[in-house]
Amino acid sequence: MTSEARAGTSRPPQVLRGMRDFLPQQMLLRQEIIDRFQTVFERYGFEPIDTPLLEYYEVLAGKYGEEGEKLMYHFQDHGGREVGLRYDLTVPLARFVAAHRHELTFPFKRYHIGPVFRAERPQRGRYRQFWQCDVDTVGTRSMLADAEVVSIWIEALASVNLPNVVIQLNHRQLLQALATHAGVATEQTLTVYRAIDKLEKIGPEGVREEMLRHGIAEAAAQTVLDLVQLRGEPGTVLAEVRARLTGDPQAEAAVSDLLELLRYLDLLGVDPRRYTLNLALARGLDYYTGPVFEAVVEEPAIGSLGGAGRYDGLIGMFLGEEIPATGGSLGLERIVEVVQELQLLHVPTTVSQVLVTVFDDQHWGVALQLAQQLRADGINAEVYLGERRDFRRQIQYADRKGIPVALFCGPEELARGVITVRELITGVQYQVPAAELAPTMRRLLAERPQRQP
RNA sequence: GUGCCUCUAGCUCAAUGGCAGAGCGCUGGUCUGUGGAACCAGUGGUUGCGGGUUCGAAUCCCGUGAGGCACCCCA
């Protein structure tokens, strides 16, 4: 310890901007959400992988567009290598597939849950280190792979009691065709995407103004606006788009992709109220090439819960050959934020299920033996470790931590061969023969599972 | 990365440029085989940090850190 650290310990050091500590209770909620997502992902046959947080900068460079690149953590390591913290889980997946393609069975379905880094200015639901929960299928052009992602998202979000999310669908090539049709110059297409992406937020007039301000011709802007505002039943909208963009091969391809996607969603039995076509949805990342989608929640206003899309060209950037792929990321912190704000999940405040109290120094043996028995039986049990051991203190400890059951085994119990069981929530207390403790506890904890009302 | 707002006890918040406070919490006790309540007592601070102006700064000014809002972008 330095003298400075010894002298001035009153002010704890801050964590870096946009980065956070998590207390046990917060971790329990995060873990619960991750668990539920994993369950859904695995139900569809996706398998876990992991990759390093740090990659060669060159692996990450040139994949996210100019804006994204600016937000990447990029530096030299001790060996002078140019390195970067991963910006998402998709580009590392592309590198992973390129590196391991002979060890993988295609189509390759994987999920990946872990932290990514973006040097953005933090705000609510926006951090510099945050977790993404990714599901991707590599090695197939089938729209079923895209449809599975939509279906998984709906189930995953429903599994954390967020059942009313609507997933917006669009297609990158449809946007492209639309811009071409309107006569927007190639170098202006990005400007147009950016403008129309704000349709919900700033309205048609706002979008028009933004396009005009960036030098888009009045007529082109109007054409774009007309198309982008088409609403309604997806099949009908697509028929209308097809009619307006007739003869454009890109539009044809995009429309037939989306029709196929919709057909699979129908076959999967996905509730049609849970998704909608939104021709104004652009999505920023450069690497998308096909269908794109996004999960947005209105209240609380926290923006996008996840983004997804097909990126048939990305893996090819690491290999000669092109390998098609599609998938999406759910943003863990935003989902946690919504779940917390709307109190959608109730997780226990502690992992301990039982507190074994200690009568006095002569009774450590029984207490520890009891605890070990319970542990062997799969019950999370802790022994009171405080130095002042009056019962009041021990019960108070269990109460404050939210441990639902306390056990007593003092002289009285020992003499009679019983254990006293106290249920903290109701205050109900009774004695059971020592031999029946395990079944009693199992029954108790089954009635009162981890989740509290 | 740009602009604006905020930061006072563990938490929520008071204090006109003039003695830094309250509620909750926490600790101890009433109460050594039993939590939540009540009552009593106690504990609380480099006013984010550094500098400046001033007789005097939580308050005004500059810088800096963190949080938030809007842009940008996005999970």
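Here is how names work: the chains are called A, B, and so on, in the same order as the sequence lines, proteins then strands, and each is numbered from 1.
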Presence of [X] side-chain N/O under 4.0 Å of [N] phosphate oxygens OP1/OP2:
{"X": "R388(A)", "N": "G29(B)", "value": "yes"}
{"X": "R392(A)", "N": "G35(B)", "value": "yes"}
{"X": "R393(A)", "N": "G28(B)", "value": "yes"}
{"X": "K198(A)", "N": "C72(B)", "value": "yes"}

Going through the distances and angles, do L314(A) and L93(A) end up as a side-chain contact (heavy atoms from CB on, under 4.5 Å)? CA-CA 10 Å; L314(A) 182 59; L93(A) 169 66; over 6 Å; no

Name the nucleic acid region contacted by [X], choosing base, sugar-phosphate or nothing; use a 4.0 angstrom heavy-atom cut-off, strictly under.
{"X": "G65(A)", "result": "nothing"}
{"X": "L305(A)", "result": "sugar-phosphate"}
{"X": "E337(A)", "result": "nothing"}
{"X": "G68(A)", "result": "nothing"}
{"X": "Q394(A)", "result": "nothing"}
{"X": "Y397(A)", "result": "nothing"}
{"X": "K201(A)", "result": "sugar-phosphate"}

With a cut-off of under 6.0 Å to the ring centre and 45° to the axis, is R422(A) in cation-pi contact with F408(A)? no

Kindly indicate whether a cation-pi arrangement holds for K109(A) with F46(A), taking the cut-offs as under 6.0 Å to the six-membered ring centre and within 45° of the axis. yes

Which is more 5' along RNA chain B, the nucleotide nearest E333(A) or the one nearest A119(A)? Just name the residue. A119(A)

Specify the residue among F408(A) and W131(A) whose closest nucleotide of RNA chain B lies further upstream toward the 5′ end. F408(A)

Write down the distance separating the [atom1] atoms in [N] and [M], rounded off to the nearest Å.
{"N": "A57(B)", "M": "A20(B)", "atom1": "P", "answer": "11 Å"}
{"N": "A9(B)", "M": "G68(B)", "atom1": "C1'", "answer": "23 Å"}
{"N": "G48(B)", "M": "U59(B)", "atom1": "P", "answer": "8 Å"}
{"N": "G10(B)", "M": "C62(B)", "atom1": "P", "answer": "29 Å"}
{"N": "G45(B)", "M": "A37(B)", "atom1": "P", "answer": "25 Å"}
{"N": "U16(B)", "M": "C61(B)", "atom1": "P", "answer": "16 Å"}
{"N": "G21(B)", "M": "U47(B)", "atom1": "P", "answer": "13 Å"}
{"N": "G63(B)", "M": "A22(B)", "atom1": "P", "answer": "36 Å"}

Hey, is the main chain of [Y] close enough, under 3.5 Å, to the side chain of [X] for a donor-acceptor pair?
{"X": "Q229(A)", "Y": "L225(A)", "value": "yes"}
{"X": "T357(A)", "Y": "L407(A)", "value": "yes"}
{"X": "T289(A)", "Y": "D312(A)", "value": "yes"}
{"X": "Q31(A)", "Y": "L28(A)", "value": "no"}

Heavy-atom donor-acceptor pair, [X] side-chain to [N] base, under 3.5 Å:
{"X": "R422(A)", "N": "G35(B)", "result": "yes"}
{"X": "R121(A)", "N": "G3(B)", "result": "yes"}
{"X": "Q429(A)", "N": "G35(B)", "result": "no"}

Taking [atom1] from [X] and [atom2] from [N], how many angstroms apart are they, rounded to a whole number?
{"X": "R128(A)", "N": "A75(B)", "atom1": "CZ", "atom2": "P", "value": "17 Å"}
{"X": "Q396(A)", "N": "G36(B)", "atom1": "CD", "atom2": "P", "value": "6 Å"}
{"X": "R118(A)", "N": "C74(B)", "atom1": "CZ", "atom2": "P", "value": "8 Å"}
{"X": "E423(A)", "N": "U34(B)", "atom1": "CD", "atom2": "C1'", "value": "15 Å"}
{"X": "R400(A)", "N": "C26(B)", "atom1": "CZ", "atom2": "C1'", "value": "8 Å"}
{"X": "L281(A)", "N": "A75(B)", "atom1": "CG", "atom2": "C1'", "value": "14 Å"}
{"X": "K70(A)", "N": "U2(B)", "atom1": "NZ", "atom2": "P", "value": "11 Å"}

Pair assignment for RNA chain B - dot-bracket with | for other-strand partners, Watson-Crick or G-U under 3.5 Å: (((((((..((((....[..))))((((((.......))))))....(((((..]....))))))))))))....

Before giving the answer on side chain to side chain donor-acceptor pair (under 3.5 Å), spell out for E82(A) and H74(A) the whole-Å C-alpha distance, their side-chain angles and the decisive distance to 0.1 Å. CA-CA 7 Å; E82(A) 294 293 322; H74(A) 171 200; 2.7 Å; yes

We want to know whether E423(A) and Q429(A) form a side-chain donor-acceptor pair, criterion being a heavy-atom distance below 3.5 angstrom. no

Side chain of [X] only, heavy atoms from C-beta on: which candidate in [options] is closest?
{"X": "I395(A)", "options": "A75(B), G35(B), C69(B)", "value": "G35(B)"}
{"X": "Q123(A)", "options": "C69(B), U27(B), A66(B)", "value": "C69(B)"}
{"X": "P122(A)", "options": "G68(B), U34(B), G36(B)", "value": "G68(B)"}

Take L175(A) and V292(A) through the test side-chain contact (heavy atoms from CB on, under 4.5 Å) and record every step on the way to the result. CA-CA 11 Å; L175(A) 278 173; V292(A) 288; 5.7 Å; no

